[in-house]
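For reference, the structure discussed in these notes is given below.
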Amino acid sequence: MPPAVVNEVNSRVNPECCTESCEDSGCSLSMIEVPTPNVLISLEHEKSPAAKSAPHCDFLFIGDSDTGEVTWIASIELTTGKARASKFLPQLRAGAEIANHLLPPNANVRFRAVAVHGKGGRSFEMNKLRDCKIPFRGKNVRIKLVRCGSPLVKAL
């Protein structure tokens with residue numbers, strides 16, 4: 001089965017905002033063994049589909065599975081600092097909304113909201129983030145917390 005969802009998203013975004021590496025201000029995710037074909041969109045790029053004045057996450061990852069049965073979508077926010085719900089929640093929610101607009105309406109997708117941090121955080125903040133859910137296409141999805149340098153594939 002062809003990589004229909006990745007092709008569809010690629011046709012809807014400016015190629016200049018697509019990138020190979022998921023990093024921002026010293027924090028990164030490894031892209032080793034992620035589903036292929038895929039597209040990684042920098043929402044920080046001036047030609048990205050994110051409104052410049054509105055909240056948005058750092059990256060969107062869209063990766064078709066080898067079988068073509070499901071597509072992985074990840075809204076990704078990175079920080080080298082401590083994990084804080086007040087920082088991550090608006091960006092991850094906005095990323096989910098942007099992803100929803102880019103995807104074909106009938107696509108079979110699995111969504112993940114990925115909060116990438118460098119310094120952990122206070123236990124109540126970490127627990128709050130673990131308990132929070134991001135709405136995506138009628139479902140509420142828990143946020144996946146990972147440390148800077150982790151492989152994205154483990155967050156999926």
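Just the heavy atoms: all of them, side chains too, but no hydrogens, waters or symmetry mates, feed the values below.
Residues Met31 and Trp72 fall within the same hydrophobic cluster, defined by Ile, Leu, Val, Met, Phe, Trp and Tyr side chains chained together at heavy-atom separations under 4.5 Å. Residues Val109 and Phe61 are members of separate hydrophobic clusters, defined by side-chain heavy-atom contacts under 4.5 angstrom among Ile, Leu, Val, Met, Phe, Trp and Tyr.
Residue Ile73 forms a side-chain contact (heavy atoms from CB on, under 4.5 Å) with just one option from Leu103, Leu156, Val9, Val141, and that option is Leu103.
Annotation: ring pair (Phe, Tyr, Trp, His ring centres under 6.0 Å) contacts involving residues 84-114, sequence neighbours excluded, comprise Phe111-Phe136. A ring pair (Phe, Tyr, Trp, His ring centres under 6.0 Å) check over residues 30-52, counting only residues at least two apart or in different chains, returns nothing. Residue pairs meeting the ring pair (Phe, Tyr, Trp, His ring centres under 6.0 Å) criterion with at least one member in residues 7-39: none, sequence neighbours excluded. Residue pairs meeting the salt bridge (Lys or Arg N to Asp or Glu O under 4.0 Å) criterion with at least one member in residues 88-113, sequence neighbours excluded, do not occur. Contacts classified as salt bridge (Lys or Arg N to Asp or Glu O under 4.0 Å) and involving residues 133-143 (residues at least two apart or in different chains) are not found.
In this structure Ser150 satisfies the side-chain contact (heavy atoms from CB on, under 4.5 Å) test together with Leu29, Val146, Arg147, sequence neighbours excluded. Under the rule for a ring pair (Phe, Tyr, Trp, His ring centres under 6.0 Å), Phe59 has no partner lying at least two apart in sequence or in another chain. Scored by the salt bridge (Lys or Arg N to Asp or Glu O under 4.0 Å) test, Glu16 finds Lys47 as partners (sequence neighbours excluded). For Cys148, the side-chain contact (heavy atoms from CB on, under 4.5 Å) criterion is met by Cys27, Val116, not counting sequence neighbours. Every residue meeting the salt bridge (Lys or Arg N to Asp or Glu O under 4.0 Å) condition with Arg12, not counting sequence neighbours, appears here in chain and number order: Glu8. When the side-chain contact (heavy atoms from CB on, under 4.5 Å) test is applied to Ser30, the partners found at least two apart in sequence or on another chain are Ile32, Pro151. With sequence neighbours excluded, no residue forms a disulfide (SG to SG under 2.5 Å) with Cys18.
Rounded to the nearest 0.5 angstrom, Leu60 CG and Leu40 CG are separated by 8.5 Å. For the atom pair CD of Glu77 and NE2 of His117, the computed distance is 12.5 Å after rounding to the nearest 0.5 Å. Atoms CG and OG, from Leu78 and Ser28 in turn, are 7.5 Å apart once rounded to the nearest 0.5 Å. With values rounded to the nearest 0.5 angstrom, Ser42 atom OG is found 10.5 Å from Ile76 atom CD1. Put simply, CG on Leu145 and CG on Leu129 are 5.0 Å apart, with the number rounded to the nearest 0.5 Å. Separation of atoms CZ (Arg84) and OG1 (Thr79) is listed at 7.0 Å; rounding is to 0.5 Å.
Judged by distance alone, with hydrogens and angles left aside, the side-chain atoms of Asn38 form no donor-acceptor pair with the main-chain N or O of Ile62 at under 3.5 Å. Panel note: side chain Asp64, backbone Thr71; no donor-acceptor pair is recorded below 3.5 Å. In this structure, Ser48 contributes its side chain and Leu43 its backbone to a donor-acceptor pair below 3.5 Å.
What you find for Val114 and Ala74 is that their closest heavy atoms are CG2-CB, 4.2 Å. Scanning all heavy atoms of the two residues, the minimum distance from Ala85 to Lys128 falls at CB-CD, 3.8 Å. For the pair Cys57 and Gly95, the tightest heavy-atom approach, listed with the atom from each and the gap, is SG-CA, 3.6 Å. The shortest heavy-atom contact between Pro49 and Leu102 is CG-CD1, 4.0 Å. When all heavy atoms of Ala50 and Ile98 are compared, the pair lying nearest together is CB-CD1, 3.7 Å. Nearest approach of Ala115 to Ile143, heavy atoms of both residues: CB-CG2, 3.8 Å.
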